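Following: one structure in structure tokens, then a few remarks.
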Amino acid sequence: MPALQEADVERVRALISAVPAGRVTTYGDVARAAGLGNARLVGWILRTDGADVPWHRVVRADGTLAPHLVQEQARRLRAEGVAVAADRVRLPQHRHAFPA
DNA sequence: GAGCTGACACGGC
DNA sequence: CGCCGTGCCAGCT
């Protein structure tokens, strides 16, 4: 099976757009919900086609933020009421669960 | 065509 | 808690 298709990209974008403000999700969760199986692809999609989606609500599996985004991402999250300390968010509190 | 890089995850140490 | 190596897929030298 081909790894990535146009439909997959749209699915990922839709999933991320479905995350409500004040909550966050992880790359792994999005990948799993979209049926990708590879969290890295989620990052790739956001890098290329994620300018118009709430990408700041997507964090790593341990709650940390990527180095080049931490500034902007932390700023946007705090604006939504998400506590960000030491480049990391508290997943247990803000994590958004996708329907299986 | 080979190799490196990256908005990642996970198991070891 | 942190650092490292490995697996993963796509894009660029």
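Computed from a prediction, not measured in an experiment: that's the story for all the values here.
- As a whole-Å value, the separation of Arg76(A) CZ from dA7(B) C1' is 13 Å.
- Looking at heavy-atom distances under 4.0 Å, Arg47(A) makes contact with a base.
- At a threshold of 4.5 Å between non-hydrogen side-chain atoms, the residues Val58(A) and Thr26(A) do not count as touching.
- In this model, no side-chain donor or acceptor of Arg40(A) finds a partner on the base of dG11(C) within 3.5 Å.
- Listed nucleotides dA10(C), dA7(B), dA9(B) differ in distance to Leu4(A); the shortest reach to its side chain belongs to dA10(C).
- The CG-P distance, from Leu41(A) to dA9(B), rounds to 12 Å in whole Å.
- Heavy atoms only, all atoms of each residue included: Val12(A) and Ala34(A) are closest at CG2-CB, 3.8 Å.
- Residues Ala66(A) and Arg60(A) share a closest heavy-atom pair of CA-NH2, 4.0 Å.
- With distances taken from any side-chain atom of Trp44(A) to the nucleotides dC8(B), dA10(C), dC10(B), the minimum falls on dA10(C).
- Atom pair Tyr27(A):OH and dG6(B):P shows a separation of 14 Å (rounding to whole Å applied).
- Under 4.0 Å is where a charged nitrogen must lie from a carboxylate oxygen, and between Glu80(A) and Arg57(A) at least one such pair does.
- Between Ile45(A) atom CD1 and dG11(C) atom P the separation is 10 Å, expressed in whole Å.
- Atom CG in Asn38(A) sits roughly 12 Å away from atom P in dC10(B) (whole-Å rounding).
- For Arg88(A), the side-chain atoms get nearest to dC1(C) when compared with the rest of dA7(B), dC1(C), dC9(C).
- Between the CG atom of Asp49(A) and the C1' atom of dG11(C) there is a distance of 14 Å, rounded to whole Å.
- We find that CG of Leu36(A) is positioned 14 Å from C1' of dA7(B), with the value rounded to whole Å.
- Put simply, CG on Asp62(A) is 15 Å from P on dA7(B), counting in whole angstrom units.
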